[in-house]
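What follows is a short report on a single structure.
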Amino acid sequence: MAEWVPIAEVAQHEGEEVTVKGWLYHRTDKGKLKFLMIRDGTGLIQGVMFKKNVPEAAWEAADHLTQESSIIVTGRVRADQRAPGGYELDVSDLEVVHRAELDYPIQPKEHGVGFLLQHRHLWIRSPRQAAILRIRATVKRAICDWLDSHGFVNVDTPILTPAAVEGTTTLFEVDYFGEPAYLTQSGQLYNEATIFALGKVYCFGPTFRAEKSKTRRHLTEFWMVEPEMAYATLEDVMEVTEQMVSHVVRVVLERHRHDLEARLKRNVSRLERVEPPFPRISYDEAVALLHRKGFEDFPWGEDFGAPHETAISEEFEKPVFVYHYPTQCKAFYMEEVPGRPEVCRSVDLLAPEGYGEIVGGGQRAFSLELLERRLEEHNLPREAYEWYLDLRRYGSVPHAGFGLGLERTIAWICGLDHVRETIAFPRMLERMYP
RNA sequence: UCCUCGGUAGCUCAACUGGCAGAGCGCCCGGCUGUUAACCGGGUGGUUGCAGGUUCGAGUCCUGCCCGGGGAGCCA
């Protein structure tokens, strides 16, 4: 038998007889000629099958072959401009591993979103969805590579937690041997402990929010990478963020340019501009900008909604940092701006093209006194935070960190209109199946 | 939780002012040596989301419920 090669590498075997193992994506019959679109997870290639070139049994097997049947196809690799992708397989033999039942629900045509999500376990086979999942893997890898090579130690923070990290908002409660426990919504507080042992750290895992959000930017289970650094400031956070994000975009462009352009119809020139430094504007400046752009009645002190974020990011070609938010709309652990306690040392990174906030971070409160006061103001149970307060008792340092939402970042890079396509099996309000 | 749109064949949708429930795709049969979601001919396919009401007659109007899409708030 000829050498088994992944479809992605078929072009390197021009003129040779090769075997591909995959699934039938689409078939077109033209009398004594058949076109078989074959996918194998690495790519898509057209097999051209002439009746006179294949054994009788292979021809008959192909005759009524159903979509998504698993097949092993052998043929000579040939360059042909008429073939999608430029190369095709001049088929000499075909073996049917399993003939799929004939009611495969997903056709190579348009479907409604609800239907596709109900069949997500099959939808991911479609080339576009598979491309997104491959890019997701690259994004994760690129993030870890960058952090690992810049002195960050990967620490796994717990998923089961005893209390709310950022207050008692919407957490998923689970039964922990008769006591309530909660699925984590951030590993940050634990990272603030581990930096005292390791210097620079990051956690990277799933987080859970039980909020009843029904928008293109929300999942109830999503992945977040959270770097945290000892002896670091808000300015350090912005520098690390822009370096890391730029690296990720660069790597994705390097490895997935074709998928981005051909499969996802992404305008990559927008991504090519993503290089440090990113513009930085203060919350005050952002509010002034909004006032100039038609949001005259936006009150100072409120957090931005989606339309505001879009309006701000429209003014810039790159992702933009907005820093020094009002203290009242950020979490209890934010450091104050010296001399201006009404704003805090926080920063959000807004992605271009209306993708909104992909990073939130800041410099953490340094002093025990400030933290104690904040816990009280936020009505948080002090007992649950005693260990956290210890961090300010034994060698407190200025420190800072941020969280980057993986799905939102991927949606932006891929140019998707909803984060649900960036994860294999999205968990959303109103949807837990499959 | 609120606002908004929707639910008709396996899929995407149509059906005027209440009057015989349809098309394209899929699938099945036949034809075709260059298809790109092929094309041509024939065939298959329905508890109109559920329950009740109005009416001679309801996919269509009314009430309630269920399910889903989009958005807001909140967030990454």
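Per chain, numbering begins at 1; letters A, B, ... match sequence-line order. Quick caveat, the model's predicted, so the values are computed rather than measured.
If you take atom P in B:G42 and the same atom in B:G24, they sit 10 Å apart, rounded to whole Å. B:C50 sits 24 Å from B:U12 when the C1' atoms are compared, rounded to a whole Å. For the C1' atoms, the distance linking B:A58 with B:A15 amounts to 14 Å, nearest Å. The gap from the P atom of B:U60 to that of B:G53 amounts to 14 Å, rounded to the nearest Å. Atom C1' of B:A9 sits at a distance of 14 Å from the matching atom of B:G59, rounded to the whole Å. Look at the C1' atom in both B:C65 and B:G7: the space between them is 14 Å, to the nearest Å. Comparing B:U48 with B:G22, their C1' atoms are spaced 12 Å from each other, to the whole Å. Annotation: B:A37 and B:C27 have their C1' atoms spaced 16 Å apart (nearest Å).
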In dot-bracket form, 5' to 3', how is RNA chain B paired? Count Watson-Crick and G-U wobble pairs only if both distances fall under 3.5 Å, and write | where the partner sits on another strand. (((((((..((((.....[..))))((((((.......))))))....(((((..]....))))))))))))....
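Across all strands, A:R78 comes closer than 4.0 Å to base atoms (heavy-atom distances). A:L219 comes within contact range of at least one nucleobase, with a heavy-atom separation under 4.0 Å. Within 4.0 Å of A:Q107, counting heavy atoms only, lies at least one base atom of the nucleic acid. Residue contacts shown for A:V419 are absent, as no nucleic acid heavy atom lies under 4.0 Å away. Across all strands shown, A:E407 has no heavy atoms under 4.0 Å from either base or sugar-phosphate atoms.
Nearest-nucleotide positions on RNA chain B place A:H308 closer to the 5' end than the other of A:H308 and A:M224. Nearest-nucleotide mapping onto RNA chain B: of A:K52 and A:F115, the residue sitting toward the 5' end is A:F115.
Applying the ring-ring contact (aromatic ring centres under 6.0 Å, His included) test to pairs two or more places apart or on separate chains, those with a residue in residues 115-140 of chain A are A:H111-A:F115, A:F115-A:H119.
In this structure, A:R266 pairs ionically with A:E353, as a charged nitrogen and a carboxylate oxygen lie closer than 4.0 Å. Here A:E68 pairs with A:R39 in a salt bridge; the nearest charged N to carboxylate O distance falls below 4.0 Å.
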Quick one, give me the B/S/- string for nucleotides 67-72 of chain B, reading 5' to 3', where B means a protein heavy atom under 4.0 Å from the base and S means that only happens at the primed atoms, P, OP1 or OP2. -SBBBB
Whether each nucleotide of nucleotides 40-48 of chain B has a protein heavy atom under 4.0 Å at its base (B), only at its sugar-phosphate (S) or at neither (-) is summarised, 5' to 3', as ---------
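For the side-chain contact (heavy atoms from CB on, under 4.5 Å) test, residues two or more places apart in sequence or in another chain that qualify with A:T241 are A:V237, A:V245, A:F321, A:L349, A:V359, A:F402. The side-chain contact (heavy atoms from CB on, under 4.5 Å) search around A:D259 returns A:A131, A:R134, A:H256, A:R263, not counting sequence neighbours. Under the rule for a salt bridge (Lys or Arg N to Asp or Glu O under 4.0 Å), the partners of A:E235 that lie at least two apart in sequence or sit in another chain are A:R345. Evaluation of the ring pair (Phe, Tyr, Trp, His ring centres under 6.0 Å) rule for A:Y325 yields A:Y283, A:F304 as partners, not counting sequence neighbours. Partners of A:H13 according to the ring pair (Phe, Tyr, Trp, His ring centres under 6.0 Å) rule, which considers only residues two or more places apart in sequence or in another chain, do not exist here. By the side-chain contact (heavy atoms from CB on, under 4.5 Å) test, A:E376 is found to be paired with no residue, residues two or more places apart in sequence or in another chain being considered.
A donor and an acceptor atom sit less than 3.5 Å apart, one in the side chain of A:E88 and one in the base of B:G34. Side-chain atoms of A:H218 come within donor-acceptor range of the base of B:C74, with a qualifying N/O pair under 3.5 Å. A donor N or O paired with an acceptor N or O is not found under 3.5 Å between the base of B:C32 and the side-chain atoms of A:K32.
Taking atom CD of A:Q118 as the reference point, atom C1' of B:G7 lies 14 Å away to the nearest angstrom. Rounded to whole Å, atom P of B:C32 lies 12 Å from atom CG of A:D63. At whole-Å resolution of the value, CD1 in A:I358 and P in B:A76 are 13 Å apart. Between the CD atom of A:Q67 and the C1' atom of B:C25 there is a distance of 12 Å, given to the nearest Å. Look at OH on A:Y325: it is 13 Å from P on B:C74, rounded to the nearest Å. The interatomic distance linking A:L171 (CG) with B:A76 (P) rounds to 13 Å, in whole Å. Taking atom CD of A:E357 as the reference point, atom P of B:C74 lies 12 Å away to the nearest angstrom. Here the P atom of nucleotide B:U33 and the NZ atom of A:K34 are 11 Å apart, to the nearest Å.
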Could you go step by step and tell me if A:E336 and A:R373 meet the salt bridge (charged side-chain N to carboxylate O under 4.0 Å, His left out) rule? CA-CA 12 Å; A:E336 289 176 349; A:R373 196 176 79 227; 2.7 Å; yes
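Aromatic pair A:Y385/A:F332: ring centres closer than 6.0 Å.
Looking at heavy atoms from C-beta onward, A:L133 lies out of side-chain contact with A:Q129 at the 4.5 angstrom threshold. For the pair A:R408/A:Y355, no side-chain contact is recorded, criterion being any heavy-atom separation below 4.5 Å from C-beta on. With a 4.5 Å cut-off on side-chain heavy atoms, A:L406 and A:F204 count as touching.
Taking the side chain of A:L33 as heavy atoms from C-beta on, and the options B:U35, B:C75, B:G34, the nearest nucleotide is B:G34. Closest approach to the A:P84 side chain among B:U35, B:C27, B:C74 is made by B:U35 (side chain taken as heavy atoms from C-beta onward).
Heavy atoms from other residues, nucleotides or ligands lying under 6.0 Å from NE2 of A:H258 number 12 at most.
Put simply, A:F222 rests on the base of B:A76: the two rings are less than 5.5 Å apart at their centres and nearly parallel, under 30°.
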Identify every side-chain donor-acceptor pair in residues 43-65 of chain A under 3.5 Å, counting partners at least two apart or on other chains, and give the distances.
| unit_1 | atom_1 | unit_2 | atom_2 | d |
| --- | --- | --- | --- | --- |
| A:Q46 | NE2 | A:E88 | OE1 | 3.1 |
| A:D63 | OD1 | A:K34 | NZ | 2.7 |

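Taking 4.0 angstrom as the limit, A:H64 places a side-chain polar atom (N or O) nearer than this to OP1 or OP2 of B:C29.
Taking the six-membered ring where tryptophan is involved, the planes of A:Y202 and A:F152 are perpendicular, since the angle between them exceeds 60° and thus also 30°.
Taken residue by residue, residues 344-352 of chain A places no heavy atom nearer than 4.0 Å to RNA chain B.
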